[in-house]
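Heads up, the thing below is written out as structure tokens.
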Amino acid sequence: MKRAILLVVVAVLGFAWHSSAETEQASSIQPAILGTWRLVSYVREEIPSGAKSDVMGAHPSGYINYGRDGRMMVMIVGGERKKPAGVVATPEEAQALLTSMLAYAGTYTIDGQAKTVVHHIDISWDQARTGTDQVRSYKLQGKRITFTTEPSADPATGRKTTVRTLVWEKLE
């Protein structure tokens with residue numbers, strides 16, 4: 001009987017320690033990820049060929065922000081965007097501007113053990129991502145964080161399966 005009680009106590013304490021270690025890992029990345037980050041690069045890799053290319057041109061611009069309240073937002077634009085000729089964009093100019101950007105906002109959760117950040121999207125520039133969860137593996141190195149998507153249909157073309165890698169630098 002004493003042995004059974006001892007085993008139950010050890011199991012409960014082991015579970016509690018494991019749960020607290022997971023929480024500690026997730027919360028340790030939280031302060032590091034908070035704030036605003038500027039996009040450094042955005043590259044796609046085609047699966048299975050391994051061919052790499054810039055998603056939004058050679059010099060995309062973008063920002064991503066993670067708040068203490070668990071909310072995030074991101075906006076990325078291509079480096080070759082052209083300003084409309086007039087005050088109001090023509091339909092062709094508007095189409096070009098829309099297809100050379102991405103933006104969404106929502107909440108986020110971090111899994112420190114799996115090294116993933118999940119963006120739970122509430123609103124998006126094209127409505128295609130609204131209501132979805134976007135999983136990003138992360139690697140934090142100093143003032144840079146690298147996010148890698150899961151293999152999926154390329155959001156720019158919808159055709160090939162790609163993995164996208166985004167490198168961000170923390171703004172101070």
Side-chain angles (χ1 to χ4, degrees), residues 14 16-81 99-126 128-172:
W17 177 82
H18 178 72
S19 293
S20 104
E22 284 181 1
T23 302
E24 187 176 312
Q25 268 190 316
S27 64
S28 69
I29 185 66
Q30 180 91 18
I33 202 172
L34 293 176
T36 303
W37 302 75
R38 182 185 0 242
L39 186 65
V40 175
S41 67
Y42 185 15
V43 176
R44 77 169 59 88
E45 180 179 349
E46 292 180 15
I47 307 298
S49 75
K52 292 184 179 182
S53 60
D54 294 318
V55 176
M56 297 274 197
H59 305 287
S61 296
Y63 295 94
I64 192 166
N65 181 272
Y66 292 95
R68 292 187 190 287
D69 61 354
R71 300 205 59 81
M72 60 77 57
M73 59 184 77
V74 62
M75 182 170 185
I76 299 173
V77 297
E80 309 301 320
R81 289 165 52 97
T99 58
S100 63
M101 73 166 291
L102 70 83
Y104 61 81
T107 60
Y108 68 94
T109 53
I110 299 171
D111 182 335
Q113 188 155 358
K115 294 199 177 290
T116 59
V117 175
V118 181
H119 298 160
H120 309 284
I121 301 176
D122 296 333
I123 187 171
S124 65
W125 88 108
D126 67 352
R129 285 149 193 82
T130 301
T132 67
D133 289 340
Q134 302 290 316
V135 179
R136 309 287 185 251
S137 298
Y138 70 81
K139 184 176 184 181
L140 185 60
Q141 294 178 296
K143 295 194 181 296
R144 287 200 172 186
I145 193 165
T146 301
F147 290 130
T148 305
T149 68
E150 297 178 321
S152 60
D154 190 288
T157 65
R159 292 187 296 255
K160 298 179 181 179
T161 298
T162 63
V163 170
R164 279 86 57 211
T165 301
L166 299 96
V167 178
W168 302 89
E169 189 167 74
K170 186 88 176 252
L171 296 180
E172 298 298 326

Start with the C-alpha gap between His120 and Thr109, add the side-chain angles, then the distance that decides, and say whether side chain to side chain contact (heavy atoms under 4.5 Å, CB included) holds. CA-CA 8 Å; His120 309 284; Thr109 53; 2.9 Å; yes
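- In summary, Arg159 and Asp154 do not engage in a salt bridge, as defined by a charged side-chain N under 4.0 Å from a carboxylate O.
- Between Ile145 and Lys139, every side-chain heavy-atom pair lies at or beyond the 4.5 Å cut-off.
- Between the side chains of Arg44 and Thr165, no donor N or O sits under 3.5 Å from an acceptor N or O.
- Nearest heavy atoms, Lys170 versus Ala32: NZ-O, 3.1 Å.
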Derivation of the side chain to side chain contact (heavy atoms under 4.5 Å, CB included) call for Thr149 and Phe147: CA-CA 7 Å; Thr149 68; Phe147 290 130; over 6 Å; no
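- Atom OG in Ser137 sits 10.5 Å away from atom NZ in Lys115 (nearest 0.5 Å).
- Residues Arg144 and Trp37 are not in side-chain contact: their nearest non-hydrogen atoms beyond the backbone lie 4.5 Å or more apart.
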In residues 63-71, what donor-acceptor pairs under 3.5 Å come from side-chain atoms, sequence neighbours left out?
| unit_1 | atom_1 | unit_2 | atom_2 | d |
| --- | --- | --- | --- | --- |
| Asn65 | ND2 | Gly35 | O | 3.2 |
| Asn65 | ND2 | Thr36 | OG1 | 2.6 |
| Tyr66 | OH | His119 | NE2 | 2.7 |
| Asp69 | OD1 | Arg71 | N | 3.1 |
| Arg71 | NH1 | Asp122 | OD2 | 3.4 |
| Arg71 | NH2 | Asp122 | OD2 | 2.7 |

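- Separation of atoms OG1 (Thr132) and CD1 (Ile121) is listed at 4.0 Å; rounding is to 0.5 Å.
- Val40 is not listed as a side-chain neighbour of Trp168, based on a closest heavy-atom distance of 4.5 Å or more.
- A side-chain contact (heavy atoms from CB on, under 4.5 Å) with Tyr138 is found for one member of Ile33, Thr148, Thr146, Ile110 and no other, namely Ile110.
- Atom CG of Leu34 is surrounded by more than 12 heavy atoms from other residues, nucleotides or ligands within 6.0 Å.
- In terms of modelled atom types and a separation under 3.5 Å, the side chain of Thr162 and the main chain of Arg164 share no donor-acceptor contact.
- Separating the CE atom in Met101 from the CD1 atom in Ile76 is a distance of 9.5 Å, to the nearest 0.5 Å.
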What donor-acceptor contacts under 3.5 angstrom involve side-chain atoms of residues 54-61, with partners at least two apart or in another chain?
none

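- Between atom CD of residue Glu46 and atom NZ of residue Lys52 there is a gap of 12.0 Å, rounded to the nearest 0.5 Å.
- Listed by chain and number, the residues in a ring pair (Phe, Tyr, Trp, His ring centres under 6.0 Å) with Tyr42 amount to none (sequence neighbours excluded).
- Under the 3.5 Å distance criterion, with hydrogens and angles disregarded, no donor-acceptor pair is assigned to the side chains of Gln134 and Tyr108.
- Atoms CZ and NZ, on Arg38 and Lys143 in that order, are 12.5 Å from each other to the nearest 0.5 Å.
- Atom CD in Glu45 sits 13.0 Å away from atom NZ in Lys160 (nearest 0.5 Å).
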